S.K.: 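Below you will find the structure I want to go over with you.
For this chain, numbers begin at 1 and follow the sequence in order. What you see is a predicted model; the values in this text were computed from it and never measured.
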Amino acid sequence: MIEASASAKVILFGEHAAVYGQPAIAAPVSSLRAYATVETNPVGVHGLHIDAPDLNQRLPVDIRAESVDNALTLTAQLVLTTLAVEPPDVTICLRSRIPIASGLGSGSAVSTALARALCLVLDRPLSESDLNRLVYEVEKIHHGTPSGIDNTVIVYERPVYFVRDKTLETLTIGAPLTLLIGDTGVGASTKIAVGDVRKLVEANREPTEQTIREIGAISEQARSAIEWGDAAAIGRLMNANHELLKLLTVSSPEVDRLVDAAQNAGALGAKLSGGGRGGNMIALVTPEHAHHVEQALLTAGAARVFQTTIA
């Protein structure tokens, strides 16, 4: 059986500001993954098909279609045209443990897993840099003007310090970081949130750009704190980052309630993660305090809580 996978991701610092050239820090969540499995087509079925039961989609892939607005078929089309090959006679089945529309990079993870599986069945690998560029193109369907963070962290599956259009820098983690990811249970569109921030920049340029620069400065400070393993400083910077994201109007009552619950339960820091307006928040905790904070998040209304360690 041919199978490929890709991890989820969390943005630790700098979401939204990264769209405007400010630094951001993100890390993979390797325990949450999307999977793509290659199966033989049923008798009489020819060409490449994509089966995505989670999305209630079964899609044929037309390599010659000029306009493709589905992320899955676009992923396959881009792989095939990049490699200059015809579609194989197989079905690629997709499944994912990553919540959709929650800021964990579900779209990029599914596209990455699909592209990897297709390369495996063709026996024509893509380099990580080529795959990253390809998945970034697909991200435009999801996010309009994506920062490039999701695809970069997920394709390379390493913690990164990211500045748009700059050379990728991986991070040294000075000490393991225990994170709780609290799912609000509210789906949200990153594309809409990014667009609304852009409107805010256009309507109130000076104060909004100042907020964006302050978020960038926090990301720079956080990089040093992460490399030194200074969890207390990381937590304080997370709290500050969240307050600035609230000024960009990308938080929500559900996110704020979980952030407040984590902080009140003794988390070192907490903030939204991803596009906002719902989705997920993250809390930095000590391992011995993780269960207490997790229970506080569930009591405050979290649909589910995932624990991960970044090391």
Side-chain angles (χ1 to χ4, degrees), residues 9-28 103-105 108 132-133 135-136 139-140 142-156 158-173 177 188-228 230 233-251 255 259 269-277 279-282 284 310:
K9 73 92 182 61
V10 289
I11 299 180
L12 303 179
F13 294 93
E15 50 271 274
H16 288 285
V19 175
Y20 300 91
Q22 296 296 326
I25 296 172
L104 293 175
S108 278
N132 194 33
R133 284 193 292 271
V135 178
Y136 176 75
E139 277 289 276
K140 293 177 181 178
H142 297 296
H143 301 323
T145 54
S147 66
I149 297 173
D150 284 22
N151 49 282
T152 300
V153 176
I154 287 168
V155 168
Y156 289 91
R158 294 194 294 271
V160 300
Y161 178 84
F162 176 94
V163 181
R164 192 172 187 171
D165 298 327
K166 297 288 182 65
T167 301
L168 175 73
E169 296 182 57
T170 56
L171 279 181
T172 300
I173 309 298
L177 303 176
S189 168
T190 298
K191 187 173 185 177
I192 292 174
V194 169
D196 286 348
V197 172
R198 189 169 298 280
K199 291 175 185 176
L200 192 64
V201 170
E202 293 168 353
N204 302 279
R205 184 167 298 276
E206 186 174 342
T208 306
E209 288 185 344
Q210 177 60 29
T211 298
I212 289 169
R213 287 192 295 271
E214 290 177 12
I215 292 174
I218 284 175
S219 294
E220 291 177 355
Q221 295 171 55
R223 177 181 187 172
S224 296
I226 289 169
E227 291 180 336
W228 281 102
D230 189 344
I234 297 166
R236 289 193 297 271
L237 291 166
M238 289 173 68
N239 293 336
N241 195 165
H242 184 71
E243 293 304 311
L244 292 170
L245 289 167
K246 288 165 70 174
L247 294 179
L248 293 183
T249 74
V250 294
S251 192
V255 172
V259 168
K271 61 181 284 293
L272 72 82
S273 180
R277 303 278 177 83
N280 284 278
M281 52 73 67
I282 56 175
L284 178 64
I310 297 172

S.K.: Say you draw a straight line from CG of L248 to CD1 of I212; how long is it, rounded to the nearest 0.5 Å?
M.R.: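 Answer rounded to 0.5 Å: 5.5 Å.
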
S.K.: Do side-chain atoms of N241 reach the backbone of G14 as a donor and acceptor pair under 3.5 angstrom?
M.R.: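 Checking the backbone N and O of G14 against the side chain of N241, a donor-acceptor pair under 3.5 Å is found.
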
S.K.: Testing the basics here: between E220 and P23, what is the closest heavy-atom pair and its distance to 0.1 Å?
M.R.: CG-CG, 3.8 Å

S.K.: Would you say the side-chain atoms of H16 pair up with the backbone N or O of G275, donor to acceptor, closer than 3.5 Å?
M.R.: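 Looks like yes, one N/O pair under 3.5 Å.
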
S.K.: Where do M281 and V255 come nearest, in terms of heavy atoms and distance?
M.R.: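 Looks like CB-CG1, 4.4 Å.
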
S.K.: Is the closest side-chain donor-acceptor distance between R277 and T249 under 3.5 Å?
M.R.: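 There is such a pair between these side chains.
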
S.K.: Using 0.5 Å steps for rounding, measure from the CD atom of E214 to the CG atom of L247.
M.R.: 8.0 Å

S.K.: Are V160 and I25 side-chain neighbours, meaning at least one heavy-atom pair lies under 4.5 Å?
M.R.: no

S.K.: When you measure from the side chain of S273 to the backbone of I11, do you find a donor-acceptor pair of N or O atoms at a distance under 3.5 Å?
M.R.: yes

S.K.: Who passes side chain to side chain donor-acceptor pair (under 3.5 Å) against R158, sequence neighbours left out?
M.R.: none

S.K.: For L237 and A225, which heavy atoms make the closest approach, and how far apart are they?
M.R.: CD1-CB, 4.5 Å

S.K.: Could you check whether E202 pairs with R198 (Lys NZ or Arg NE/NH1/NH2 to Asp/Glu carboxylate O, under 4.0 Å)?
M.R.: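 Here E202 does not pair with R198 in a salt bridge, since their nearest N and O are not under 4.0 Å apart.
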
S.K.: Applying side-chain contact (heavy atoms from CB on, under 4.5 Å) to L244 and I218, what does each step give before you reach the verdict?
M.R.: CA-CA 10 Å; L244 292 170; I218 284 175; 3.5 Å; yes

S.K.: Mind running side chain to side chain donor-acceptor pair (under 3.5 Å) on S219 and Q22 for me, showing each step along the way?
M.R.: CA-CA 8 Å; S219 294; Q22 296 296 326; over 6 Å; no

S.K.: Any non-hydrogen side-chain atom of Y20 less than 4.5 Å from a side-chain atom of V201?
M.R.: yes

S.K.: If you take all heavy atoms of G279 and A188, which pair is closest and at what distance?
M.R.: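 So the minimum-distance heavy-atom pair works out to N-CB, 4.4 Å.
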
S.K.: Tell me if a side-chain donor or acceptor on N204 pairs with a main-chain N or O of P207 at a distance below 3.5 Å.
M.R.: no

S.K.: Between the main-chain N or O of I149 and the side-chain N or O of R164, is there a donor-acceptor pair closer than 3.5 Å?
M.R.: no

S.K.: Could you walk me through whether Q210 and E206 pass side-chain contact (heavy atoms from CB on, under 4.5 Å), step by step?
M.R.: CA-CA 6 Å; Q210 177 60 29; E206 186 174 342; 5.9 Å; no

S.K.: Calculate, to the nearest 0.5 Å, the distance between atoms CG and CE belonging to L272 and M238 respectively.
M.R.: 10.0 Å

S.K.: Nearest 0.5 Å please: distance from the CD1 atom of I310 over to the CG atom of L12.
M.R.: 4.5 Å

S.K.: Begin with the C-alpha distance, continue with both residues' side-chain angles, and end with the deciding distance and a verdict on side-chain contact (heavy atoms from CB on, under 4.5 Å) for L177 and L284.
M.R.: CA-CA 7 Å; L177 303 176; L284 178 64; 4.1 Å; yes

S.K.: Which heavy atom in D150 sits nearest to a heavy atom in G105, and how many Å separate them?
M.R.: OD2-CA, 3.6 Å

S.K.: Give me the atom names and distance for the closest heavy-atom approach of S251 to H242.
M.R.: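 Nearest pair, atom of S251 first, then H242: OG-CE1, 3.4 Å.
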
S.K.: Can you confirm whether V135 sits close enough to I154 that some side-chain heavy atom of one is under 4.5 Å from a side-chain heavy atom of the other?
M.R.: no

S.K.: Give a yes or no on whether the backbone of G274 and the side-chain of E15 come within a donor-acceptor separation of less than 3.5 Å.
M.R.: yes

S.K.: Check for a donor-acceptor pair, side chain of D196 on one end and backbone N or O of V250 on the other, with a separation under 3.5 Å.
M.R.: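 No: the side chain of D196 does not pair with the backbone of V250.
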
S.K.: May I ask you to decide if I282's main-chain N or O and K271's side chain share a donor-acceptor pair within less than 3.5 Å?
M.R.: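 No; judged by distance alone, with no hydrogens or angles, the pair does not exist.
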
S.K.: For a side-chain contact (heavy atoms from CB on, under 4.5 Å) check, start with the C-alpha distance between F13 and I234, then their side-chain angles and the critical distance, and finish with the verdict.
M.R.: CA-CA 10 Å; F13 294 93; I234 297 166; 4.0 Å; yes

S.K.: Output the distance between atom NZ (K166) and atom OH (Y161), rounded to the nearest 0.5 Å.
M.R.: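 Answer rounded to 0.5 Å: 8.5 Å.
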
S.K.: Verify, without hydrogens or angle tests, whether N132 (side chain) and T152 (backbone) share a donor-acceptor contact under 3.5 angstrom.
M.R.: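 Yes: the side chain of N132 pairs with the backbone of T152.
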
S.K.: Supply the atom-to-atom distance F162 CZ to E169 CD, rounded to the nearest 0.5 angstrom.
M.R.: 11.5 Å

S.K.: Are any of the side-chain heavy atoms of I173 and P159 separated by less than 4.5 Å?
M.R.: yes

S.K.: May I ask you to say whether K246 pairs ionically with E243, meaning some side-chain N is under 4.0 Å from a carboxylate O?
M.R.: yes

